[in-house]
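One structure below.
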Amino acid sequence: ADLQSSDGHKYTVYNISVTDATEHVHVLQKRFNEFNEIYRATKGSYPEVASFKFPGKTLAFGKDQSTIKETRRERFNDFVILLMKIKPTPPQVRTWLQKEGHKGASAFRNQSGQITRAYKDRPVLNPAFDEKGLIYDMMMKPTAFLKFGRSGAPHWRNFALSSDRKRIVWTSPMKRSGESQVLVSEIKFVENSQRSNVFGRQVAKKKEFSKLNSVSLSIFYSPQGKATQMTLDVMCKHPDILRIWSLGIEMLVADYEASSAQDRRAAAPAAAAADGDDDEEEEGEDSVNLITGGCKAYTWGSGGWGQLGRVGDGSEEPEVDCDGRVGAMAAPSSKKKSNNKVVDVRQSSCGGSQTVCITRTEGALVCGRSFVCCDAVSGSVREHVTTPQFATGSGLGASAVGPNTGLTMGLTLRQVACGENHTLFLTFGGVVLASGSNFYGQLGDGSSNDHHTVKAVQAPWAKQAPRGCITIAAGFACSAAVTLNADGGTDLYTWGCNDFGVLGLGTTGGPDQLTPQKVTMESAHKITAVECGDWHMAALTQQNNATVCVTSGASVLAPDVALGKKPAPASTDTESGTQLLTWGCGSCGQLGHGVFADLNTPTSISMLANGKEVVSVSLGASHTSVVLDITSGGRRIKGQLWTWGNGPAATGQSDSAHSALPRYFNFTKKGNQNNVAIQVACGDNFTAVLDEDAAVTVIGISPMNGGATREVLEVPKEDESKTSLDIESISAGGQHVCLVLAERSIV
């Protein structure tokens, strides 16, 4: 809960509930004792406390020693609300808040203790397609940029494209009108760099700005009636935002030039010829904001095939296992030669024996088993790719990406999904590409011939879904894709091996499906995510309001959001919210329907209805994990981890029985606090959980020693240049984990 005391200080206090009965820890009794102590210490000085009917000392636990009467819970909540209103804040309350608020647990809390985690309030600005209208719609929504002027300190301003698409406007308190603008007709070109005079002066004043080149943007323009050229110099909070705006401005300029009788495009002049605008010269600092400068890949686990992509400390010899350490993936050889080791990673995915990262500027980075990776990097089939290399297959060229021809690969690749021995790529044009093993037809090209040069999947949805795919997934020997159809709805397609009915086509076994086949869903609700385990699948649907589901390594937009529409407000109606459907192999209960049986059609999990909203879902070899936000009695509990299926893999307890029903799991080792989970990523027999305090907990069968485990990974907090690092996303494969760590700066 985000609490604010009467003196204005903000705290994040985690709700705590009883842990499982085997530990016999009554943390609700502990919470009662804390509140009772505050009550007795303050009732003599504060009449409002004295008049409050505090619950009796005896708590009525249920038979399983894990529940407490709802009325007592509500009284606790009412008591906390009362304490927050008292002026001035009693010292006993302030002490409790500081203790429970976990101030200092993260480097990215502001001075009031409020969480500023980037993934908590990261703007949803990563559309499914590079459609011109969609990009423009995104730009019309106010977006915060750090604006630099010719003098004074930079300030955060809200930028937006005007509804007539002729002006870029931003808030400007120094102007009488309250805003400033640049006409699209005045813009010459944009540059994603810090080469302007303004950036040069600002970087000289504050060296930290030089690390944020990847989110820096200069708009070169010539104001009407002036012969000089000016620059509008800004930084955004995330590279994905920069991509939308730089691409959108280029489209705007191209549209204007196409409609103009004159060719207004001029060659880019030297940086010294341009200077910044002069409407922002006041001094002072704005409130704390977090900027993501770039992202790097780190790995953990077992790397027998070279999938960790690391070299040993101080040497060029590849690391096979990580010895329990989280370490950075090595820089590609091309980067080493150029003395530039910066690789800005957009998203990662882990397969059975490979790791693939897509970057924002240079394409796909691969490492791992030779059979899966060698041809993609022009290597030998006998040599594993132990140092990450950029994929060079002909299918990764601009000619293969359909409507995005002419853009670099870093601008076209949106998502990657790794299976056991094959890999799928999704472009911003909605095109699905595939490479690797095709023994079961999992590459979807109409044959069963392996190919490692990336090729496009046959797309039977081309006419029904002109925009193409919005998300993809890959399993042991199967693949899946979600398309956005012409009616604005979604369709699910699967292909590959149909053992256990994993393709969801209503049949089990039979011939392999060499091309994508449309799956009949039990409802017409929009699909926001699809996930593959070894032999089971899951699809997440949204019934009314749009949502963002964090899958293994990527944020997947609901279709309405992908089209630039504003998400509808959350509803407490039980008919709204998410629905999780599973099918395929259920021998360990991994489908979550209460039976240990296979299903060959998508079936919703009834236990995850009625106020439970799925935030993140991931599938292992024989278990399933989700993050739930639960609404009950008007209260909302965020970030609960629920798992089911293979007992040891789902719980990290070697003697745990398989479960065919979802069950809550307290993934923290502390008995008096439930961490708020943000994302889950499943390997074959373990689950990695990213929580709100940027900690990653691994639960299940350890890839390191094969024993049951529940351990918190030691994630680096800064890189070799002392730049602060924060976790952007996680992904997991057979026996390893990949973490995308972002360079964060507080400005």
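Of the candidates Asn421, Asp512, Asn449, Asp445, Asp445 is the only one forming a side-chain hydrogen bond (donor to acceptor under 3.5 Å, both in side chains) with Asn438. For the side chain to side chain contact (heavy atoms under 4.5 Å, CB included) with Val432, the qualifying choice from Thr427, Thr483, Ile472 is Ile472, the only one to do so.
In this pair, Trp300 and Phe686 present their aromatic rings perpendicular. The plane angle is above 60°, beyond the 30 to 60° band.
The line from SG of Cys367 to CE of Met329 is 3.5 Å long, rounded to the nearest 0.5 Å. Remark: Leu492 CG to Met521 CE distance equals 5.5 Å, nearest 0.5 Å. Separation of atoms CZ (Arg663) and CG (Leu661) is listed at 9.5 Å; rounding is to 0.5 Å. How far CD of Gln579 is from OG1 of Thr603: 10.5 Å, rounded to the nearest 0.5 Å. We find the CG-OG1 distance between Leu505 and Thr601 to be 10.0 Å, quoted to the nearest 0.5 Å. Atom CG in Asp598 sits 7.5 Å away from atom CG in Leu591 (nearest 0.5 Å).
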- Any chance you could lay out the side chain to side chain donor-acceptor pair (under 3.5 Å) test for Ser618 and Ser625, step after step, and finish with the verdict? CA-CA 6 Å; Ser618 187; Ser625 299; over 6 Å; no
- Message: For Leu713 and Val698: C-alpha separation, side-chain torsions, deciding distance, then whether side-chain contact (heavy atoms from CB on, under 4.5 Å) applies.
- Response: CA-CA 7 Å; Leu713 303 186; Val698 174; 3.9 Å; yes
- Would you sort out whether Cys738 and Cys350 count as a side-chain contact (heavy atoms from CB on, under 4.5 Å), showing the intermediate values? CA-CA 7 Å; Cys738 185; Cys350 301; 3.5 Å; yes
- Message: If you apply the rule ring pair (Phe, Tyr, Trp, His ring centres under 6.0 Å), what do you find for Phe665 with Trp642, and how did you get there?
- Response: CA-CA 6 Å; Phe665 186 81; Trp642 288 54; over 10 Å; no
- Message: Tyr440 vs Leu514, test: side-chain contact (heavy atoms from CB on, under 4.5 Å). Steps then yes/no.
- Response: CA-CA 7 Å; Tyr440 298 97; Leu514 307 183; over 6 Å; no
- Check step by step if side-chain contact (heavy atoms from CB on, under 4.5 Å) holds for Tyr493 and Gln517. CA-CA 5 Å; Tyr493 288 82; Gln517 305 295 313; 5.7 Å; no
- Item | Pair Gln415-Thr471, side chain to side chain donor-acceptor pair (under 3.5 Å): steps then yes or no | CA-CA 7 Å; Gln415 183 187 356; Thr471 186; 3.3 Å; yes
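Within the 4.5 Å cutoff, no side-chain heavy atoms of Val740 are placed close to those of Gln347. The closest side-chain heavy-atom distance from Val689 to Ile699 is below 4.5 Å. Counting heavy atoms from C-beta on, the side chains of Ser604 and Leu581 come closer than 4.5 Å. By the 4.5 Å heavy-atom criterion applied to side chains, Gln590 and Leu619 are not counted as neighbours. Side-chain contact between Leu503 and Val519 is absent, with no heavy atoms from C-beta onward closer than 4.5 Å. Using a 4.5 Å cut-off on side-chain heavy atoms (C-beta onward), Cys478 and Met537 make contact. In this structure, the side chains of Lys455 and Leu433 stay at 4.5 Å or more apart for every pair of heavy atoms. Side-chain contact between Phe425 and Val356: present, with at least one pair of heavy atoms (C-beta onward) separated by less than 4.5 Å.
In this structure a side-chain-to-backbone donor-acceptor pair under 3.5 Å is present from Gln307 to Trp305. For the pair Trp644 (side chain) and Ser659 (backbone), a donor-acceptor distance under 3.5 Å is absent. Looking at Ser656, its side chain never comes within 3.5 Å of a backbone N or O of Thr651 through a donor-acceptor pair. Side-chain atoms of Ser448 never come within 3.5 Å of backbone atoms of Phe439 as a donor-acceptor pair (strictly under, hydrogens ignored).
A pairwise comparison of heavy atoms in Glu728 and Ala742 identifies OE1-CB, 4.0 Å as the closest pair. Nearest heavy atom pair, residue Leu424 against residue Ala434, reads CD2-CB, 3.5 Å. In terms of heavy atoms, Ala538 sits closest to Leu580 at CB-CD1, 4.2 Å. Residue Ile470 comes nearest to Arg414 through the heavy atom pair O-NH1, 2.7 Å, listed as atom of the first residue, atom of the second, then distance. Contact between Ala708 and Ser654 at its shortest, heavy atoms only, is CB-N, 3.6 Å. Contact record, Ala688 with Ile730: O-CD1, 3.6 Å, taken as the closest heavy-atom pair.
Side chain to side chain, Thr709 and Ser702 fail the donor-acceptor criterion of an N or O pair below 3.5 Å. No hydrogens or angles considered: nothing links the side chains of Ser435 and Thr423 as a donor-acceptor pair under 3.5 Å. Checked by atom type, the side-chain pair Thr582/His536 shows no donor-acceptor distance below 3.5 Å. No side-chain donor-acceptor contact under 3.5 Å links Ser729 and Gln679. In summary, the side chains of His623 and Thr643 do not present any donor paired with an acceptor at a separation below 3.5 Å, with no hydrogens or angles considered. No donor-acceptor contact under 3.5 angstrom links the side chains of His736 and Thr299, judged on distance only. For the residue pair Thr507/Asn498, the side-chain donor-acceptor check at 3.5 Å is satisfied. A donor and an acceptor atom, one from each side chain of Thr515 and Gln513, are nowhere located under 3.5 Å apart. In this model, no donor atom of one side chain and acceptor atom of the other lie less than 3.5 Å apart for Asn646 and Asn685.
In this structure, Arg310 fails the cation-pi test against Tyr298, since its NZ or CZ atom is not both closer than 6.0 Å to the six-membered ring centre and inside 45 degrees of the ring normal.
Asp534 is linked by a salt bridge (charged side-chain N to carboxylate O under 4.0 Å, His left out) to nothing, counting only residues two or more places apart in sequence or in another chain. Take Phe476 and apply the ring-ring contact (aromatic ring centres under 6.0 Å, His included) test, not counting sequence neighbours, and it matches Trp535.
Look at Arg360 and Asp344 and you find a salt bridge, because one of the NZ, NE, NH1 or NH2 atoms lies within 4.0 Å of a carboxylate O, short of that distance. Salt bridge status for Lys638 with Asp629: absent, with no side-chain N to carboxylate O gap under 4.0 Å.
For Phe596, the CZ atom counts as densely surrounded, since its 6.0 Å shell holds more than 12 non-hydrogen atoms of other residues, nucleotides or ligands.
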